[in-house]
Amino acid sequence: MGARDANTVELVLPSKPEYLLVARLATSGVGLRAGLSVDDIDDLKVAVAEACTNVISHAFDDNVPPERRMINLRMSTGKGEMTVEVEDEGVGFDPEALQRAQRNGLEGEGGLGFGLMRELTDSLTVESAPGSGTRVIMVKRAAR
Amino acid sequence: MGARDANTVELVLPSKPEYLLVARLATSGVGLRAGLSVDDIDDLKVAVAEACTNVISHAFDDNVPPERRMINLRMSTGKGEMTVEVEDEGVGFDPEALQRAQRNGLEGEGGLGFGLMRELTDSLTVESAPGSGTRVIMVKRAAR
Amino acid sequence: MRITAERTDEDTALCHVTGELDAYTAPDLRDALDEQLDQGVRWIVADLTELTYLDSTGLGILIETAKKCRQAGGDVAVACDRKNLLRIFQISGTHEILNVVKDVGAARERLQELAQERSEGAGGEEAP
Amino acid sequence: MRITAERTDEDTALCHVTGELDAYTAPDLRDALDEQLDQGVRWIVADLTELTYLDSTGLGILIETAKKCRQAGGDVAVACDRKNLLRIFQISGTHEILNVVKDVGAARERLQELAQERSEGAGGEEAP
Ligand SMILES: Nc1ncnc2c1ncn2[C@@H]1O[C@H](COP(=O)(O)OP(=O)(O)O)[C@@H](O)[C@H]1O
Ligand SMILES: Nc1ncnc2c1ncn2[C@@H]1O[C@H](COP(=O)(O)OP(=O)(O)O)[C@@H](O)[C@H]1O
């Protein structure tokens with residue numbers, strides 16, 4: 001992940017559905033301090049939960065022991081915006097293949113997650129490759 | 001801190017008052033999943049905030065750069081209880097000297113913090129020494 | 001999240017879902033809806049007016065349930081009036097296919113309309 | 001946290017504090033109370049009935065303010081009816097010295113009693 005600064009919150013969660021609530025609550029708390037509106041925070045909570053739900057559903061093979069299945073979140077604030085990184089050290093995937101598939105109209109079969117993340121944030125970056133984990137970076141700007 | 005397990009949440013917060021809210025929200029989220037009652041969670045939120053407020057007020061000399069002033073929280077759940085560790089790498093203090101001072105009736109001058117932490121949790125452990133940081137470990141058990 | 005389901009008719013159910021619907025609570029909703037389907041329900045009003053959180057996992061269950069209902073000749077209508085949730089239905093493009101309307105009354109009406117249309121179209125479907 | 005302060009008398013103020021009072025919001029409360037003291041207020045009703053969170057930082061400000069009021073011949077009374085906050089007053093042993101009572105009416109009465117006691121005791125304090 002990027003360099004830590006004096007306005008960065010780091011959160012490591014077990015990759016289990018019961019901890020999605022904690023990810024959302026942390027997003028709320030940091031978002032309030034970042035000066036985001038309640039509506040913006042609602043949007044960002046869903047986007048963060050989508051990224052975390054993907055880690056829970058897709059990132060880890062059955063042979064990874066539970067105590068090594070983690071979701072790493074990093075939330076930072078600055079100049080009227082909040083950035084959230086959601087990272088895992090799981091199986092990874094090819095984001096371009098996913099984009100191609102969606103362009104070819106296959107998105108009907110699953111795949112609401114990234115669509116929502118894109119629509120609910122001001123910027124979405126997906127860094128992933130098979131075998132080397134995934135990092136999703138989302139930016140939400142305070143409406144002025 | 002202790003060994004990570006599959007039910008441990010780690011949270012690293014900047015040592016600033018604006019992030020106390022995030023510590024309390026994370027405590028709520030994990031507490032709900034640990035099966036604590038709303039009253040127990042209210043109590044634990046205050047205890048966690050007291051420990052964090054102490055880090056903010058006492059742990060760091062002015063010469064420590066802001067990006068190195070962190071509050072490390074670790075929340076874990078198991079068998080109807082929740083454990084929260086609040087740790088800093090700050091100046092530390094002598095917990096026994098503090099206890100002696102309180103026994104000698106000097107607690108009037110400041111010092112509500114540890115009193116509240118003790119009363120609001122089922123177990124409080126303070127590990128600290130001048131020069132080697134502080135770790136406060138609190139356990140809250142679900143009322144049955 | 002809390003779910004209560006009541007049969008309002010032989011093949012119709014009204015399900016109230018309150019609180020937060022995410023991947024943690026979703027299995028309970030799926031079970032509750034499947035139970036209704038197993039009992040012959042094919043028209044479902046999902047009352048989400050007291051739901052405070054919804055994401056793609058919840059949408060997935062609603063879409064899946066709607067498909068099953070349609071296969072049985074029925075459908076799903078969703079009652080929802082909360083701005084943040086309506087936004088999720090809108091941007092996911094599920095607002096129409098899930099028949100999202102603002103309250104339970106409108107959802108019932110929507111299902112009656114659909115039943116009417118189908119019985120006219122196919123000649124023989126029963127109204128809910 | 002939100003604070004509104006109204007002067008109800010030459011030397012009396014009613015302060016409503018809503019939301020969460022912690023080390024982040026505490027400086028605002030300290031400033032608001034100090035402003036009242038600077039303007040000659042010495043009797044303060046702190047309405048915390050809509051406060052949802054309180055810890056030792058908030059207690060510290062209330063205790064400090066009560067001291068200053070007493071030095072000026074007045075006092076502080078706190079209106080609070082929320083279980084989780086009452087617990088904090090109780091276990092910190094500040095319930096009595098902060099004159100914690102259940103609502104604003106009772107807090108006003110408490111200050112009037114105190115003013116009465118003092119004017120009887122010292123012969124000359126004005127009632128709020
Ligand atoms: N963290 C991740 N690790 C591995 N694969 C992922 C991860 N996130 C997303 N994917 C892949 O991207 C696909 C699309 O994700 P998404 O749009 O959220 O839809 P869905 O999760 O419903 O399939 C997933 O099906 C999965 O193959
Ligand atoms: N994390 C910490 N780092 C350094 N000193 C600490 C820390 N926590 C507590 N202390 C010391 O213990 C004392 C008592 O703490 P507490 O009971 O919370 O009361 P207060 O913070 O009001 O003084 C503090 O005054 C401080 O000297």
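First the proteins, then the strands, lettered A, B, ... as listed; each starts at 1.
In this structure, D:Y24 and B:L20 approach most closely via the heavy-atom pair N-CD1, 4.3 Å. Closest of all the heavy-atom pairs between B:T53 and D:T57 is CG2-OG1, 3.7 Å.
The neighbour count for D:E50 CD, taken as heavy atoms of other residues, nucleotides or ligands under 6.0 Å away, does not exceed 12. Annotation for B:E89: atom CD does not count as buried by contact number, only 12 or fewer foreign heavy atoms lying within 6.0 Å. Atom CG of B:D62 has 12 or fewer heavy atoms from other residues, nucleotides or ligands within 6.0 Å. Taking a 6.0 Å sphere around CZ of D:R2, one finds it holds 12 or fewer heavy atoms contributed by other residues, nucleotides or ligands.
Residue D:L85 holds its CG atom at 8.5 Å from CG of B:D42, rounded to the nearest 0.5 Å.
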Practice task
Apply side-chain contact (heavy atoms from CB on, under 4.5 Å) to B:K45 and D:D55, showing your working.
Solution key: CA-CA 9 Å; B:K45 277 163 75 172; D:D55 61 24; over 6 Å; no
Handout entry: B:L112 and D:L59: CA distance, side-chain angles, deciding distance, side-chain contact (heavy atoms from CB on, under 4.5 Å) verdict
Key = CA-CA 9 Å; B:L112 285 174; D:L59 286 177; 4.0 Å; yes
Handout entry: Verdict with supporting geometry, B:D43 and D:I88, side-chain contact (heavy atoms from CB on, under 4.5 Å)
Key = CA-CA 9 Å; B:D43 287 352; D:I88 303 299; 5.5 Å; no
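With B:E50 contributing its side chain and D:S56 its backbone, the two residues share a donor-acceptor pair below 3.5 Å.
Looking at D:L54, the atoms closer than 4.5 Å to chain B (heavy atoms on both sides) all sit in the backbone: N, CA, C or O. Heavy atoms of B:R24 lying under 4.5 Å from chain D belong exclusively to its side chain.
Between D:S92 and B:L116, some side-chain heavy-atom pair lies under the 4.5 Å cut-off.
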